[in-house]
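Worksheet: one structure, shown below.
Chain identifiers are assigned alphabetically (A, B, ...) following the order of the sequence lines, protein sequences preceding nucleic acid strands; residue numbering begins at 1 within each chain. Side chains are part of it too, since the values below use all heavy atoms of this structure and drop only hydrogens, waters and symmetry mates.
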Amino acid sequence: MKHYDHAKIEKKWQRQWEKDGTYKTSDRSKKPTQYVLDMFPYPSGVGLHVGHPKGYIATDIYSRFKRMNGYNVLHPIGWDAFGLPAENYAIKSKTQPKKTVKENVRHYKKQLGMIGLDYDWSREINTTDPAYYKWTQWIFLQMFKKGLAYQSYEPINWCPSCKTGLANEDLEDGKCERCGSDVEQKPMRQWVLKITDYADRLLSDLTDLDWPEAVKESQRNWIGRSEGAEFSFPITQKNHYVLLHGFSSTPKKDFWPWLTRELQQRGHTVEIPTLPKTKNPDIEKQVQHVLATCHLTENTILVGHSLGGVVAQRVTERLKAPIKKLVLVASFTRPEFKDHDRPFADSIDWDWDFDRIRDHARRIVILRDENDPIVPSREADLLSSATGGELRSVVARGGHFGAPREPEILTAALEEMRVFTTRPETIYGATYAVLAPEHALLNELRPNITNWPAVEKYREKASKKTTLERTSEQKEKTGVQLEGVTAKNPANGEDIPIYSADYVMTNYGTGAIMAVPAHDERDWEFARAFGLPIRQVIRPVRIDTTNPPKEGTTESPRNVVHCIVKHPSENKVLTLTWKGHDWHTLIIGGVEEGESAEEAARREILEETGYKNLTFEGQLGDEVKAHFYAAHKKVNRTSFTKALVFRLDDLERDPISEEEEAKHTPEWTMLEGLKDTIHPCAELDIWVHRLQTGNYAYTGTGEVVNSGGWNGMSSEHVTDLITQTVGGVSRVTYRLNDWVFSRQRYWGEPIPLIHCRTCGVVPVPERDLPVELPDVKSYEPTGTGESPLAAIKSWVNTPCPSCGEPATRETNTMPQWAGSSWYYLRYLDPANSRKLVSPNKERHWMPVDLYVGGMEHAARHLIYARFWHKFLYDIDVVSTTEPFARLKNPGMIAGSDGRKMSKRWGNVINPDDVIHEHGADAFRTYEMFMGPFEQGGVWSTDNLIGVKRFLERVWRLQDKLADTAPAVPGTESLLHRTIKKVSEDITTFDFNTAISALMMLSNALEKEEAINPDTYATLVVLLSPFAPHLSEEIWRSILKNKRSVHLQSWPTYNETKLLDDTVTIAVQVNGKIRDEFAIERSASESDVLAAARKREKVRHWVGESAVVREIYVPEKLVSIVTAS
RNA sequence: GCCCGGGUGAUGAAAUUGGUAAACAUGCAGCACUCAAAAUGCUGUGGCCUCUGGCCUUGCCGGUUCAAGUCCGGCCCCGGGCACCA
């Protein structure tokens, strides 16, 4: 026997496999397909550590197994190479990222090659290859064309250290996930993908996926769907409206009469001038007319439609002091129209001072009809960097807003707080309202806010707070009232104060809430801190389960007090132990006619316990309704219970009456134990919760009170009714925000769009893709919100594809997640220059049957990829709604010190060293033997050596080979059991037990005198997915086979040979194992029972007792039960 | 706080529908081979006791059952996701 020289063997076969194309996948095979996929690596400069290959080894084993089982297997690999690390390295070392990536890829390839993985390298892809990112850009363009990519001017997360905007998904505890810097909110122009359009599908389609529950759960959390309603709370202050009609219109036409009436009905004043020369307008004259005749003060809201919008823009530009709001309905800033020319186009001076317009309107709202004939182009100029500037694409009733009623215009013109709530049924309890500090309405309301300096100060303070400060620590409520303005609760017409407070988030719901302190813990805290009214609108209802009400019995309502009497010094509460009942209660009493609850409580405490010197500390939240049967009075009680808290000043007592003495004795009970000792008490859970948390908000369901006509109904049943009656709209809100898709950095896919002064944003024609990333001199981010690309004038300046005039390229790049959101499709057809993937190939392979990769991608990569895939499904590029049918997450391998492997701890183990020392086969097999695949583990070289011993044992078995050796009956059933076990375990990813089964087989073979070559061959084939090199060497060099072991058929087992002829039967007597014996498998039940009864030990344990029952579990166990 | 996982020897772990808890491996102890060591092989290895045998043992307490790591109820601890999300 030769020595087992792993280094030589492994190198030899790796070369041979490459030469033979052993793992090349054909698209033409008729075999059933299996697409086995790894999350492709980011080739970093430091290379792999032993934790990284765990998943690759698993897919390697799985794909080899499937291939040997007759599948046409696709197991490809590629590189996810865009992103910040390469760019930051480029900045530091002044090397082109292109070059670094190339070097890193070479290193990674070498490392992966050493492990002996069965990748089809002919399909290798790289996200930074222009031939690849051409299609990343193509997908983006399709999204743009479908309206799924839009520009946003909302403040976004800005990392001051990475100098780029980030998506919410890139944050960890409010810090930049990459560098740990505090993230700021910075308003800037961003490209955003409308992932929220897909939120519902992303959520519901999770159900059928064979994915780890934890990943699905994390996606559900991330999407964060909540159902509720949106209400509008009108601002009660009155405004002055100036309405400007458009070309050839008059105040009597279109929606103007209706709009005027609606505004006046709400108490606002309206001016609606007839503009001069409506048929043949002279803009300058119209502007002069408006400036001369209309009231344009800080309380004015100026609304202009179409050409009237142009007038309004010019008027605003000329103002001396800002007006409150400028509402532009289908207005123009450029003379380009989609439908037809307009006669006034030439008479207008199209040169605008956008900065002045922005300065002279506290808020700008632009309405664009979704089917507008106007080229949507220049709104950006009006909105960029405007605080609270807003572009709304809405559905107009008539084309170009020509209908007699246009509700969207009214909504834009009015000042109202739109709030989102998940508890619409509590709206009667909304006693104040809150705007997020960043809310645009604040700026608009500024003229009405009398304490503006204080509000502004609070706003500034909030913007400086990092998300972390805002959400963690004590969560103490802060805020500021907007003095001088109020909102109207649409349910009961009450005027309620408005606050701005940072416990309301800008980017969730509408950024504004109605506060219901009685039924929301946060609102309760805020109301307590600011002395705001707390009004109960849902009364908890409890039914006493120990004395439930009896049917057909008289109802008897009663006001009740529960007294929580605290000990003067100890943490104890006064309770009563009842005589003749199994009762232990609080001091309870009815409130008599003309008596206050406190008086009643004091009277009861004195009567029942004699304690008399007590201080009233307050009522423990709102009252609770409870139903029970009062046995002594033979009535059903409905009690309205208040809990009152007292503290005893001292322990002085008066004597108590004999009557009371006979009923119960007072006792001190620890506050903590209250929950377990008090009995019966239907209200107890509520009291305990309030005592423990100090928060009296009741967030459950119950009976509606203080809510007009709804009183007495069940809160669960009125949700929709109240929503509709009050004029709310049912709405679903997601925690998931749209995906901030642009990065102000160099090393990413250029966004393939062109900005044209006349045509607006124009997509790069598909024939011009890819838009290649140009070489630059400096990769430094500018920090101004512009990518380094902006400096390359020759690249930026380009003719507009639409009109041919000079235009500029979009200089933002895509985030790293872009290229990885669809790469699995490109492996199917990596060289196709005409299509992203040919439909035939896509249908042939998709979906991915097995996807393996780290849990850290649960929320981001997997959600983005699913989103893109669903989009590609919608535009008929792919045929499945989900990309990845089955997902497995490898558990992390920690260093031998139990800590995460990192340079910092000096515990990194390099796979190259391990492979050099012990061989790739030992390395692979050990990683799979460590424990359950999805569980983390600690690296142990000792344990690896154990696995290596096993491989060496298999190697040595060749010495015992003998053609004459029979398939010994003993090993035969073991062999078949092993085939079964290994096959099943690879399928279910239980590699550790598969290996243990192989160990048992090799241990057994070692005990044989001689081994049949067929048996040995089977063992080698079973081992080949785990240890491909060793197996191949034995298969070809020792067993003299011509074709690779990896192209063999997987062994099959024979059901009839799985079992030995004899079985061991265990015997239990009265539930305890007392004996075991061997018997032929064929023995009948009565034979086995008879044999069991005869056993000496069994007879001893049964003794004289009569056997009352005998249970037989076939081939396993007999259980004998005796009388007592 | 809410929602998911998970708790078994000295260690990594195993255990179909409830049916002999600790397979396989590491470590440790002893033995064989050897001048010696390494390597290899063999034996032992949950705890306690009155030791040819018995009692206890799968985070804790209780329940169902002839039989519970597995099912039910209550609690404790660890890991992860979300979190002032209305």
Side-chain angles (χ1 to χ4, degrees), chain A residues 173 212-226 228 419-423 426 430 434 436 470-478 501-516 519-523 525-526 676 693 695 699 733-737 855-856 858-859 891 926 929-932 934-947 949-950 952-953 956 984 990 992-1000 1003 1006-1007 1064-1076 1097 1100 1108-1122:
Chain A
D173 291 334
E213 205 42 53
V215 176
K216 291 199 204 180
E217 196 55 31
S218 137
Q219 296 220 348
R220 286 192 194 107
N221 279 338
W222 197 264
I223 295 166
R225 183 190 148 102
S226 7
V419 302
F420 175 73
T421 176
T422 52
R423 302 287 308 272
T426 64
V434 187
R470 241 170 106 156
T471 55
S472 71
E473 288 153 38
Q474 324 94 355
K475 294 183 178 174
E476 249 171 51
K477 297 285 178 293
T478 61
D502 65 7
Y503 81 95
V504 175
M505 307 288 125
T506 326
N507 51 12
Y508 183 80
T510 58
I513 60 156
M514 63 177 206
V516 185
H519 304 292
D520 181 282
E521 293 184 356
R522 294 148 302 175
D523 296 343
E525 278 169 28
F526 190 87
D676 301 318
T693 60
N695 192 311
T699 55
T733 295
Y734 301 93
R735 199 201 74 97
L736 181 77
N737 287 137
M855 182 71 196
E856 67 274 18
Y926 166 61
F929 188 62
M930 283 178 82
E934 299 198 276
Q935 191 177 300
V938 171
W939 181 267
S940 151
T941 306
D942 271 352
N943 287 351
L944 179 139
I945 288 169
V947 172
R949 274 183 210 150
F950 155 66
E952 285 167 342
R953 188 175 306 143
R956 278 200 310 273
E984 286 169 356
D990 294 313
N992 53 335
T993 47
I995 293 164
S996 113
L998 289 168
M999 286 171 168
M1000 283 196 267
N1003 288 349
E1006 186 159 52
K1007 297 206 168 54
T1064 306
I1065 302 290
V1067 189
Q1068 288 184 339
V1069 180
N1070 291 327
K1072 294 207 193 274
I1073 301 290
R1074 293 304 181 187
D1075 196 10
E1076 60 175 41
K1097 280 185 199 164
H1100 170 255
V1108 292
R1109 205 172 152 195
E1110 285 173 326
I1111 294 145
Y1112 175 55
V1113 182
E1115 298 172 15
K1116 276 187 180 146
L1117 164 142
V1118 170
S1119 183
I1120 298 171
V1121 188
T1122 68

- The salt bridge (Lys or Arg N to Asp or Glu O under 4.0 Å) partners of A:E952 (sequence neighbours excluded) come to none
- Query: So what does A:R225 hit on the nucleic acid, given a heavy-atom distance under 4.0 Å: a base, only sugar-phosphate, or nothing?
  - Reply: nothing
- Is there a Watson-Crick or G-U wobble partner for B:rA29 with both distances under 3.5 Å, and if so, which one is it? B:rU43
- Does B:rG1 pair with anything, Watson-Crick or G-U wobble, both distances under 3.5 Å, and if so, with which nucleotide? B:rC82
- Message: Would the base of B:rC4 count as contacting A:K216 through its side chain, where contact means a donor and an acceptor less than 3.5 Å apart?
- Response: no
- Whole angstrom is fine here: how far is it from CE in A:M855 over to P in B:rC4? 14 Å
- Task: Check whether any side-chain nitrogen or oxygen of A:S226 sits under 4.0 Å from OP1 or OP2 of B:rA86, and answer yes or no.
- Result: yes
- Task: Identify, with sequence neighbours excluded, every residue that meets side-chain contact (heavy atoms from CB on, under 4.5 Å) alongside A:E856.
- Result: none
- Message: Ring centres under 6.0 Å, that's the criterion: do A:Y926 and A:W939 meet it?
- Response: yes
- Message: I need a per-nucleotide contact map over nucleotides 19-30 of chain B, read 5' to 3'. Cutoff is protein heavy atoms under 4.0 Å; write B for the base, S for backbone only, - otherwise.
- Response: BB--BBSSS---
- Query: Which residues pass the salt bridge (Lys or Arg N to Asp or Glu O under 4.0 Å) test with A:D523, sequence neighbours left out?
  - Reply: none
- Item | Pairing nucleotide - B:rC71, Watson-Crick or G-U, each distance under 3.5 Å | B:rG63
- Query: In whole angstroms, how far is the C1' atom of B:rA13 from the CH2 atom of A:W939?
  - Reply: 17 Å
- Query: Any side-chain N or O of A:R735 less than 4.0 Å from the OP1 or OP2 oxygen of B:rG81?
  - Reply: no
- Message: Measuring only the P atom in each nucleotide, how far is B:rA21 from B:rG54? A whole number of Å is fine.
- Response: 14 Å
- Does A:K1072 put a side-chain nitrogen or oxygen below 4.0 Å from OP1 or OP2 of B:rG54? no
- Message: Measuring only the P atom in each nucleotide, how far is B:rG27 from B:rA36? A whole number of Å is fine.
- Response: 23 Å
- Message: Does B:rA39 have OP1 or OP2 under 4.0 Å away from a side-chain N or O of A:R956?
- Response: no
- Euclidean distance for P, B:rC78 against B:rC28 (whole angstrom): 32 Å
- How is A:P212 classified with respect to the nucleic acid when contacts are heavy atoms under 4.0 Å: base, sugar-phosphate, or nothing? nothing
- Message: Using the P atom as the point on both nucleotides, what is the distance between B:rC56 and B:rA68, in whole Å?
- Response: 12 Å
- Name all residues meeting the side-chain contact (heavy atoms from CB on, under 4.5 Å) criterion together with A:E1006; count only those two or more places apart in sequence or in a different chain, and write none if there are none. A:R953, A:R956, A:L957, A:K960
- What distance, rounded to whole Å, do you find between the two P atoms, one in B:rC35 and one in B:rA29? 24 Å
- Message: Assess whether a salt bridge exists between A:E213 and A:R220, defined as any Lys/Arg side-chain N lying under 4.0 Å from an Asp/Glu carboxylate O.
- Response: yes
- Nucleotide opposite B:rU34 in a Watson-Crick or G-U pair, distances under 3.5 Å: none
- Query: Say you pick atom C1' in B:rU70 and the same atom in B:rU8; how far apart are they, in whole Å?
  - Reply: 12 Å
- State which residues pass side-chain contact (heavy atoms from CB on, under 4.5 Å) with A:R1074; sequence neighbours excluded, sorted by chain then number. A:V1069, A:K1072, A:W1101
- Under a 3.5 Å cut-off for both distances, is B:rU20 Watson-Crick or wobble paired, and to whom? none
- Task: State, without any angle test, whether A:T1122 and A:N1070 hold a side-chain donor-acceptor pair at a distance under 3.5 Å.
- Result: yes
